[in-house]
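Notes follow once the structure below has been shown.
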Amino acid sequence: MTAPETESHPTAARTPRRPDRRGQAPVVAVVALGGALGATARYALTLAWPAEPGAFPWATFWTNVVGCAVIGVFMVVITDVWAAHRLVRPFFGTGVLGGFTTFSTYAVDIQKLVDSGHPRTGLAYLAATLLAALTAVWLAVAAARRVLKWRQT
């Protein structure tokens with residue numbers, strides 16, 4: 001026997017909607033391109049400034065701090081100033097800066113420091129990166145907004 005609700009409300013046959021892949025293809029492409037550029041820049045930085053085993057990983061630290069500061073400025077610019085093309089945020093914000101900053105390497109660096117008998121350095125790196133990255137975003141947003149306000153007066 002069928003439930004009373006189904007007898008009194010006939011349902012129309014629906015055709016399943018296919019996802020619009022053409023609309024997302026450009027977004028995926030620009031994220032991939034931007035990610036490749038950002039990751040290449042990060043890799044070049046780690047080659048130029050390698051960390052000795054057990055030492056504080058300065059290249060990754062500064063990559064994340066600088067990347068977070070740039071994200072702060074970028075978000076102010078594209079939300080408060082510039083009506084950017086729909087692919088700018090995925091390309092630069094998600095792609096380039098997402099590929100440049102590397103919080104996965106940050107986690108691996110902490111694990112390597114702890115495993116190699118340098119837990120204090122690992123803890124210092126953990127705390128310093130978190131505090132510096134959050135401070136960098138906050139200062140960059142505040143500075144960008146202050147500059148924009150100053151330019152408008």
Side-chain angles (χ1 to χ4, degrees), residues 14-153:
R14 294 183 186 169
T15 57
R17 286 181 52 178
R18 292 189 340 208
D20 183 15
R21 300 210 191 279
R22 288 179 296 158
Q24 292 186 13
V27 174
V28 172
V30 298
V31 168
L33 177 62
L37 293 172
T40 301
R42 173 177 37 89
Y43 182 67
L45 186 59
T46 60
L47 289 178
W49 195 2
E52 296 294 322
F56 195 92
W58 288 106
T60 304
F61 174 82
W62 286 112
T63 297
N64 287 333
V65 172
V66 169
C68 286
V70 174
I71 287 169
V73 172
F74 176 66
M75 291 309 293
V76 168
V77 169
I78 66 168
T79 58
D80 296 356
V81 177
W82 180 38
H85 186 275
R86 73 179 188 95
L87 297 178
V88 170
R89 184 184 288 189
F91 171 74
F92 190 72
T94 306
V96 173
L97 294 175
F100 183 69
T101 59
T102 174
F103 286 91
S104 59
T105 301
Y106 161 69
V108 169
D109 286 344
I110 293 167
Q111 187 65 48
K112 284 181 181 178
L113 287 167
V114 170
D115 289 348
S116 67
H118 299 91
R120 287 188 184 139
T121 305
L123 185 59
Y125 176 53
L126 183 145
T129 299
L130 180 62
L131 291 171
L134 291 174
T135 302
V137 170
W138 183 79
L139 289 173
V141 167
R145 287 193 174 138
R146 178 169 279 171
V147 167
L148 290 173
K149 189 175 182 180
W150 174 75
R151 288 190 68 196
Q152 291 173 352
T153 58

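Because the structure is a prediction, the values reported are computed rather than measured.
- Between Ala69 and Ala140, the closest heavy-atom pair is O-CB, 3.1 Å.
- Within 6.0 Å of CZ in Phe56 there are more than 12 heavy atoms belonging to other residues, nucleotides or ligands.
- Atoms CZ and CG, from Phe92 and Leu37 in turn, are 10.5 Å apart once rounded to the nearest 0.5 Å.
- Shortest non-hydrogen contact noted between Thr63 and Thr101 is O-CG2, 4.1 Å.
- To the nearest 0.5 angstrom, Leu130 atom CG is 9.5 Å from Cys68 atom SG.
- Screening Leu47, Thr105, Thr60 for a side-chain contact (heavy atoms from CB on, under 4.5 Å) involving Arg42 leaves a single residue, Thr105.
- The shortest non-hydrogen separation linking Ala133 to Val65 is N-CG2, 4.1 Å.
- Across all their heavy atoms, Leu97 and Gly67 have their closest contact at CD2-O, 4.3 Å.
- Taking 4.5 Å as the limit, some side-chain heavy atom of Asp80 sits within range of a side-chain heavy atom of Arg145.
- Rounded to the nearest 0.5 angstrom, Asp109 CG and Phe103 CZ are separated by 12.0 Å.
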Using atom types as modelled, flag every donor-acceptor pair under 3.5 Å from a side chain in residues 113-121 to any protein atom, sequence neighbours excluded.
residue, atom, partner, partner atom, Å
Asp115, OD1, Gln111, NE2, 2.8
Asp115, OD2, Gln111, NE2, 3.1
Ser116, OG, Lys112, O, 2.9
Ser116, OG, Leu113, O, 3.2
Ser116, OG, His118, ND1, 3.1
His118, ND1, Ser116, O, 3.2

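- We find the CZ-OG1 distance between Arg89 and Thr79 to be 7.0 Å, quoted to the nearest 0.5 Å.
- With rounding to the nearest 0.5 Å, the separation of CG in Leu45 from OG1 in Thr40 is 12.5 Å.
- Counting non-hydrogen atoms of other residues, nucleotides and ligands closer than 6.0 Å to CH2 of Trp49 gives a total above 12.
- Residue Val31 comes nearest to Pro90 through the heavy atom pair CG2-O, 3.4 Å, listed as atom of the first residue, atom of the second, then distance.
- At least one donor-acceptor pair closer than 3.5 Å links the side chain of Tyr106 to the backbone N or O of Leu126.
- Side-chain contact between Phe74 and Ile78: present, with at least one pair of heavy atoms (C-beta onward) separated by less than 4.5 Å.
- The line from CZ of Phe91 to CG of Leu33 is 5.0 Å long, rounded to the nearest 0.5 Å.
- Between Leu87 and Val27, the closest side-chain pair of non-hydrogen atoms falls below 4.5 Å.
- Scanning all heavy atoms of the two residues, the minimum distance from Ala51 to Pro57 falls at CB-CA, 3.9 Å.
- At distances below 3.5 Å, at least one donor-acceptor pair connects side-chain atoms of Asn64 with backbone N or O atoms of Thr102.
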